[in-house]
Number of protein chains: 2
Amino acid sequence: MSENDKLTEEIIFEAATDEFLDRGMDGARMQNIADKAGINKALLHYYYRTKDKMFNAVFEKIAEKILSRFAPVFDETLTLEEKIRFFYREHITFLQDNPRLPAFILNEINRNPARLRRVLSTIDIHSFWNKLEEQHRDELVRYNITKEKIPQIMTTIAAISVFPFAARGIFEELFKKLDISFDEYLEERKEFAADFVIKALRK
Amino acid sequence: MSENDKLTEEIIFEAATDEFLDRGMDGARMQNIADKAGINKALLHYYYRTKDKMFNAVFEKIAEKILSRFAPVFDETLTLEEKIRFFYREHITFLQDNPRLPAFILNEINRNPARLRRVLSTIDIHSFWNKLEEQHRDELVRYNITKEKIPQIMTTIAAISVFPFAARGIFEELFKKLDISFDEYLEERKEFAADFVIKALRK
DNA sequence: TATAAATTTGACCGTTTGGTTAAACCTGTT
DNA sequence: AACAGGTTTAACCAAACGGTCAAATTTATA
């Protein structure tokens, strides 16, 4: 019972995740999810009462998955440069395994900003901020990184790894015309991105 | 007649653009567009036969608007560094005036890659590529920019200006917590981005 | 094996959706 | 003023949608 129960709920959840990632909240169809899970449509409502509740479950699981991946960056006792290299290696690899996540998250957040607020309210951004500042206080001085520049730098670092996945459709089409492999581009990007950022930061 | 005709069609087109930008193809409602245009729903189908055709008209107009903005970068007779500064100033200003475009384009392309193919087929990317290479042949050598690195560099340059708008919802929420103004961040970014990229490229 | 509870289903419901149609309404022409 | 053309509308339609429900089926318990 509990064995099979979990199984059914998991199958539904995975089917729902697949459908929502592919089509978004608005484009997703309950019947499609039922078909993918190989069950009756009514059973969806038995486990997840409404489409909205089902979507929230999927969305929060994905958000959690992403956030948990960022935590190690703040724990590692590495130099700033090592940390940048570590981040891009880990983050791009993660996105290679989950290529549909960026576009999904960006779209759904723009569509419904309230959802993000709930996820973001669970994490204390100030503590991360301070931790990072303490860990690298001397390096920040050495690189001439002022407090005002940090938002610019952080968002730039994120943009370089996330954007290729968010704009994947465009990139793949352009690369095809130029006879470039998107997969190779991503592999190269792990090192390129780190080199690029580190060089830009050095005095 | 022809006066009024154009007016009505334009009013509908603008209402449709607004609705599609806000809710995307799947989320948009014909009734909403009719309401925004202040006309009957049937009139939408009189001018644009189907929702799909209407969306295509809006999408292609927006794509054209974006692409036409990129052309000057390839015409200007500026040094590479000047061109990078010119690009970020112009491009971020353009996105400030049209902040919903990136999220819209990225989402719809991921949802339906075929649409992009039609738009992209109209432009000759190789000619832009070659033009840029000719204009800056000596500089590319001086900066040690090999042909293999160009895709990495070009996508990085684009990522830095587009991503803040694609992830606007996240950034605004984070910035609010940190007491940072998103508008000021964008103004600063025009210069920061250019400085960042130029420094990263220099030997 | 009998019973109760949880699980799964097919059939169904009300609403919303994109789209259609026939009639009314302008507007310029003769 | 009568006609013809394009334009606009109210009313309507079939399909698709998320969701419900009572009945059937499986599973756990005694």
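In what follows, every chain begins at residue 1, and chains take the letters A, B, ... in the order their sequences are listed.
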Table please: side-chain donor-acceptor pairs of residues 55-63 of chain A below 3.5 Å, with sequence neighbours left out.
unit_1	atom_1	unit_2	atom_2	d
Asn56(A)	OD1	Arg115(A)	NH1	2.8
Glu60(A)	OE2	Arg118(A)	NH2	2.8

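- Proximity of residues 24-45 of chain B to DNA chain C (heavy atom under 4.0 angstrom from any strand atom) is restricted to Ala28(B), Arg29(B), Met30(B), Lys41(B), Ala42(B), His45(B).
- One interatomic measurement links the two molecules: CZ of Arg49(A) to C1' of dC21(D), which rounds to 13 Å at whole-angstrom precision.
- Take Glu191(B) and apply the side-chain contact (heavy atoms from CB on, under 4.5 Å) test, not counting sequence neighbours, and it matches Asp195(B).
- Between Thr8(A) and dT7(C) there is no side-chain polar atom (N or O) within less than 4.0 angstrom of OP1 or OP2.
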Could you list the donor-acceptor pairs under 3.5 angstrom formed between side-chain atoms of residues 36-44 of chain A and any protein atom two or more places apart in sequence or on another chain?
unit_1	atom_1	unit_2	atom_2	d
Lys36(A)	NZ	Asp18(A)	OD2	3.1
Lys36(A)	NZ	Glu19(A)	OE1	2.8
Asn40(A)	OD1	Ala42(A)	N	2.7

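- Within the 4.0 Å cut-off from OP1 or OP2 of dT8(C), at least one side-chain nitrogen or oxygen of Tyr47(A) is found.
- One can place CD1 of Ile11(B) at 13 Å from C1' of dT8(D), the figure rounded to the nearest angstrom.
- Residues satisfying the side-chain contact (heavy atoms from CB on, under 4.5 Å) criterion with Ile153(B), sequence neighbours excluded, are Phe192(A), Ile145(B), Lys149(B), Ile157(B), Leu201(B).
- Lys176(A) pairs by the side-chain contact (heavy atoms from CB on, under 4.5 Å) definition with Glu173(A), not counting sequence neighbours.
- Using a cutoff of 4.0 Å between basic side-chain nitrogens and carboxylate oxygens, Arg137(A) and Glu134(A) are not scored as salt-bridged.
- Distance, Lys53(A) NZ to dG19(D) C1': 13 Å, rounded to whole Å.
- Straight-line distance from the CD1 atom of Ile12(A) to the C1' atom of dT8(C): 10 Å, rounded to whole Å.
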